[in-house]
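Not measured: the values here are computed from a predicted model. Each chain gets a letter, A, B and so on, in the order its sequence line appears, and its residues count up from 1.
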Number of protein chains: 2
Amino acid sequence: MSNFPFQRLQVDLAALIARTPAGQRLPSEPELAKQLGVSRATLREAMRAFETQGLIRRRQGSGTFVVGKMRGLLDNGLEVLESLETMAKRLGLEVSVSDLSVESLPADDDAATALGVPSGTPLTRVRRVVRADGRPVAYLVDILPEAILHVEDLPVDFHGSVLDFLLDRGDPLRTSRANVSAIGGTAEVAKALEIQRGDVLLHFYSQLFDEENRIVDYSLSYFIPGYFHFHIMRRVGA
Amino acid sequence: MSNFPFQRLQVDLAALIARTPAGQRLPSEPELAKQLGVSRATLREAMRAFETQGLIRRRQGSGTFVVGKMRGLLDNGLEVLESLETMAKRLGLEVSVSDLSVESLPADDDAATALGVPSGTPLTRVRRVVRADGRPVAYLVDILPEAILHVEDLPVDFHGSVLDFLLDRGDPLRTSRANVSAIGGTAEVAKALEIQRGDVLLHFYSQLFDEENRIVDYSLSYFIPGYFHFHIMRRVGA
DNA sequence: AAACTAGAAGTTGTCAGACAACTACGCCAA
DNA sequence: TTGGCGTAGTTGTCTGACAACTTCTAGTTT
């Protein structure tokens, strides 16, 4: 549908790669270009993008090969930011949200530095507990300027994911930087997750950036180990 | 030095992007191609690769812009696999290794499934404690088939990093899949790290793959929170 | 003077065709 | 059987061109 060959091409190529068994060779570039209705130069740019992502491998004189079943891995991985709700839905899991709290408050020093705004700036804070099988598995806190998300912007059926809301609204989000660590639950978190204070938790502290590299949101996530399996694909450093 | 335009180009372009302030425009494609001594088509392939990595952004009719100070972030991040020793060196930190233990043992069920080999296969296990300021900060265990790394392959001055050794040897390593979680220290780990059993630890369980997607090594890493700051750059899911 | 419009210049997006470098495979000869 | 060689097929790179888009300027209109 798109009039932009490269974008359409990326979709088509991704589909082709996804349905091609690992290790198998793709059609030759001239042929693929003809099939997909683009020039070889454009096709090669797209292939270079996929090669950079490690999905295919090209060997001069031999051909282009799809590299592996990374697909399923990547999707569950941390390379792509998506809400827990979206992730759970994709994995066919049943999750529910409880203790949803949306409130406005002025920025304290921590929030001010994390968001790059002056102290006292009006903020919106969203907190929620995610449950699987009725048991708490994650406690999530999002904090962002009221200018970006006002309490009253939220629909009545808001299910808790700030990320999903911003995406639906069309905000130009780009990347998230997540700091990963392990901590013992504080009193507040322990209460929300129905665990003992000091129990082991996986902790993400992350900032969300828009396409101009401005900080849109920062969030604190606390996961009870064992329910979600987070993984990362890492490239070997040259 | 390289006779392969694309590889040389990637290095040159990376350098150019690195030393260009964030937000600034790069020279136009025809000019850059001339400067770097390649055709515009080849240049564009390289730029597409960098664009995929999120380092630059191109706008038709306007120009190509470097995107941000991601550079410093990425380097400390988890996208690229490198040994703790290499990381520390790059960051100018002083770390030492103690309790280095290298031994051979047959594969138990866990190791067999993790490495994709039959139970009983001869394995090599490398364990070590990494210290900063004399205090333990990480406990690392690498396990891999003896066929890939035999105890006697190791030099007398082996400093503990299996990854560095394999890389120096020229093994064709490609990616690592790291599962990240939080756990309480077991007796063995607690003893090595001089902490209480059950104390909070950040835990990586990772598999190392070669370019044919074969499992080369799997490792267990335990980090005392606060010393290393691991972070991940995530793209917002479409 | 201010605001709007048309155009020109510059930039990225895409295309077509060609040749070079390399690989895989089969054929032929020893 | 084995070794070498040539040929077809594939990716790597280059050249030149045109289309689509953005930005800025200069002129025109209000």
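To the nearest angstrom, C1' of dG9(D) lies 15 Å from CG of L32(A). Computed from coordinates, the Q10(A) CD to dG13(C) P distance equals 12 Å when rounded to whole Å. Distance CZ (R44(B)) to C1' (dA19(D)): 13 Å, rounded to an integer number of Å. The separation between E45(A) atom CD and dT11(D) atom P is 17 Å, rounded to whole Å. One can place CG of L43(A) at 15 Å from C1' of dG13(C), the figure rounded to the nearest angstrom. Between M47(B) atom CE and dG13(C) atom C1' the separation is 13 Å, expressed in whole Å. Here the C1' atom of nucleotide dT14(C) and the CG atom of L9(A) are 11 Å apart, to the nearest Å. Look at CD on E29(B): it is 14 Å from P on dC14(D), rounded to the nearest Å.
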Would F65(B) and L26(B) count as a side-chain contact (heavy atoms from CB on, under 4.5 Å) here? Give the steps.
CA-CA 6 Å; F65(B) 303 83; L26(B) 292 179; over 6 Å; no
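Looking at which nucleotide of DNA chain C each of L26(B) and A41(B) is closest to, the 5′-most match is held by L26(B).
Distance check, rounded to the nearest 0.5 Å: CG of L144(A) to CG of L123(A) gives 8.0 Å. Atom-to-atom distance recorded for R25(B):CZ and T64(B):OG1 is 8.5 Å, nearest 0.5 angstrom.
Using a cutoff of 4.0 Å between basic side-chain nitrogens and carboxylate oxygens, E51(A) and R48(A) are scored as salt-bridged. Note on E31(B) versus K34(B): no salt bridge recorded, every NZ/NE/NH1/NH2 to OD/OE distance being 4.0 Å or above.
Taking A41(A) as the reference, S39(A) meet the side-chain contact (heavy atoms from CB on, under 4.5 Å) condition, with sequence neighbours excluded. For D153(A), the salt bridge (charged side-chain N to carboxylate O under 4.0 Å, His left out) partners are R169(A), not counting sequence neighbours.
Judged by distance alone with a 3.5 Å cut-off, no donor-acceptor contact links the side chain of R48(B) to the base of dG13(C).
The side chain of R58(A) places no N or O atom within less than 4.0 Å of a non-bridging phosphate oxygen (OP1 or OP2) of dT10(D). Contact between the side-chain N/O atoms of T42(A) and the OP1/OP2 oxygens of dG13(C) is not found at any separation under 4.0 Å. Note on R40(A): every side-chain N or O is 4.0 Å or more away from OP1 and OP2 of dA18(C).
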Give me, pair by pair, the N or O atoms of the protein and of nucleotides 23-27 of chain C that are less than 3.5 Å apart, along with how far apart they are.
from, atom 1, to, atom 2, distance (Å)
dT23(C), O4', G61(A), O, 3.4

